[in-house]
Amino acid sequence: MADTVYLNGVFLPLAQATIPVLDRGFMFGDGVYEVIPVYNGQAFRLDEHIQRLQASLAAVRIRNPLTTVAWRAMLLQLIAENKALQDQSLYLQVTRGVAPRDQAFPPESVAPTVFAMSMALQTPSTALVQSGVAAITALDIRWDRCNIKAISLLANVLLRQQAVDEAVAETIMLREGWLTEGSSTNVFVVAQDKLLAPPKSQHMLTGVTYDVILELAASHGIAHLVAPVSEAQLRSADEIWITSSTKEILAIISLDGQRVGQGQPGPLFQRMYALYQDFKNQYMRHTR
Ligand code: PDD
């Protein structure tokens, strides 16, 4: 982790960044967050992440403490402060602020707490991209507002640990027989040469990477369908992919111990992975 972080208007060393224990983020998990990848000093899809942050804040009725221009400026300065890191993963979080413990909202006068830090971005190694990874399934035990990027992640923590305990990379969730997403990723499947993606809903986070994948499919003539994906479709898929800002795209080659497709990253995965890397590089040159 790099040293300089942002807390409530000030850039300071991580070790000096402290918040009161009555912060509602600490008390209730009452806040929202974003994770933004930075390649070579360029934030990837920054505006989309800021827009999703705004949507999360509005959904939980926390006042947006900064303008879009101020968010951009703060994050660009944070990137510059941590430029010793080649690629970065920005984490930012806004909580409902510090107030005596009571579930109801505090008075308007209580300012949200704003925190942001930069970590080294660790995308999957070439070896993992080439080999693919294993996953398990589990019931989606989360709430009904999964489109909000909330910091209260207890269910995700338990689901992700289930994967770690079983020595696999991700837990893929099913709700009433339908695919929702992974514990910290979106999920795509390939069946009969067509890419299938569950539609945006309150049961999954609208991933910034998810949107990029669907845009690339559309612009490169890859057959795709955004429609609910059943458990049967997931289990019989030729390919399964997981996507996120930090994992980019990874192929799932085994699900609950059963081989997926040929048991190796499939041809459509190879194609999309290459398109994603090209797009990423092009986008970064373009915004420089
Ligand atoms: N997680 N679904 C969930 C539940 C997630 O937590 C994430 C991202 C995604 C993918 O979203 P995006 O493509 O915008 O990164 C889907 C981040 C990386 C995290 O919590 O660390």
Side-chain angles (χ1 to χ4, degrees), residues 1 25 29 31-39 43-57 59 75 87-94 115-124 133 135-164 169-175 178-189 197-217 226 229 240-250 252 272-273 275-277 279-280 283:
M1 190 178 296
V32 299
Y33 77 108
E34 276 297 322
V35 176
I36 309 170
V38 176
Y39 300 103
F44 187 68
R45 295 247 153 160
L46 181 56
D47 292 342
E48 288 80 355
H49 281 282
I50 293 174
Q51 277 163 24
R52 187 173 63 186
L53 175 69
Q54 166 59 40
S56 294
L57 286 166
L75 292 169
D87 289 340
Q88 305 179 31
S89 167
L90 301 183
Y91 175 86
L92 63 97
Q93 122 167 13
V94 181
F115 173 68
M117 66 180 171
S118 172
M119 294 171 285
L121 175 64
Q122 264 148 7
T123 54
V133 295
I136 52 171
T137 60
L139 284 185
D140 195 337
I141 53 170
R142 302 171 304 161
W143 67 336
D144 260 335
R145 307 290 302 279
C146 297
N147 53 324
I148 301 170
K149 204 159 169 59
I151 60 169
S152 24
L153 286 171
L154 190 50
N156 303 64
V157 166
L158 295 175
L159 288 157
R160 171 87 181 91
Q161 187 57 35
Q162 228 172 302
V164 171
E170 179 61 302
T171 302
I172 292 177
M173 293 178 277
L174 293 157
R175 185 185 282 257
W178 299 97
L179 166 66
T180 55
E181 60 181 337
S183 70
S184 64
T185 55
N186 288 117
V187 178
F188 290 81
V189 310
K200 296 175 183 178
S201 77
Q202 76 274 27
H203 296 319
M204 65 171 240
L205 184 75
T206 303
V208 171
T209 322
Y210 166 98
D211 279 341
V212 174
I213 301 288
L214 287 177
E215 285 171 30
L216 289 173
V226 176
V229 176
I240 302 176
W241 313 342
I242 54 174
T243 69
S244 82
S245 294
T246 48
K247 292 202 170 68
E248 300 186 333
I249 320 176
L250 266 182
I252 302 295
M272 184 57 81
Y273 183 81
L275 289 174
Y276 190 86
Q277 297 305 321
F279 175 79
K280 203 176 87 180
Y283 176 90

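Counting starts at 1 for both ligands and their atoms, in listed order.
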Among Lys149, Glu48, Arg52, closest by any non-hydrogen atom to atom 1 (N) of ligand 1: Lys149
Residue that, paired with Leu179, satisfies side chain to side chain contact (heavy atoms under 4.5 Å, CB included) out of Asp140, Val229, Asn186: Val229
Lys280 NZ/CZ over Phe44 ring centroid, <6.0 Å and within 45° of normal: no
Enumerated ligand 1 atoms positioned under 4.0 Å from heavy atoms of Gly207: 11 (O), 12 (P), 13 (O), 14 (O)
N/O separation below 3.5 Å, Thr246 to ligand 1: no
Any donor-acceptor N or O pair under 3.5 Å, side chains Gln162, Thr171: no
Glu170 side chain near Ser184 side chain, heavy-atom distance below 4.5 Å: yes
N/O separation below 3.5 Å, Thr206 to ligand 1: no
Atom indices of ligand 1, in the order listed, that fall short of 4.0 Å to a heavy atom of Ser245: 12 (P), 13 (O), 14 (O), 15 (O)
N/O separation below 3.5 Å, Thr209 to ligand 1: yes
Short side-chain donor-acceptor distance under 3.5 Å, Glu248 and Gln277: yes
Within-shell test, Ser89 vs ligand 1, heavy atom, strictly < 4.0 Å: no
Under-4.0 Å salt bridge between Arg45 and Glu34: no
Closest protein heavy atom (residue, atom, distance) for atom 21 (O) of ligand 1: Val35 CG2, 3.7 Å
Side chain proximity check, Arg52 to Leu205, heavy atoms < 4.5 angstrom: yes
Ser183 versus Asn156, side-chain donor and acceptor atoms under 3.5 Å: no
Per-atom contacts of ligand 1 with Ser183, taking only distances under 4.0 Å to non-hydrogen atoms: 4 (C)
Pairing of Glu181 and Arg142 as salt bridge, 4.0 angstrom limit: yes
Structural part of Leu153 in contact with ligand 1, heavy atom criterion under 4.0 angstrom: neither
Side chain to side chain, Met173 and Thr137, heavy atoms closer than 4.5 Å: no
N or O contact, Tyr33 vs ligand 1, cut-off under 3.5 Å: yes
Atoms in ligand 1 flagged as close to Ser244, the criterion being non-hydrogen separation under 4.0 Å: 10 (C), 13 (O), 15 (O)
Identity and separation of the nearest protein heavy atom to atom 7 (C) of ligand 1: Ser184 O, 3.3 Å
Element-labelled atoms of ligand 1 that are located less than 4.0 Å from some non-hydrogen atom of Glu181: 2 (N), 3 (C), 4 (C), 16 (C)
Region of Asn186 that comes within reach of ligand 1 [heavy atoms, distance under 4.0 Å]: both
Proximal atoms of ligand 1 relative to Val208 (non-hydrogen, under 4.0 Å): 12 (P), 13 (O), 14 (O)
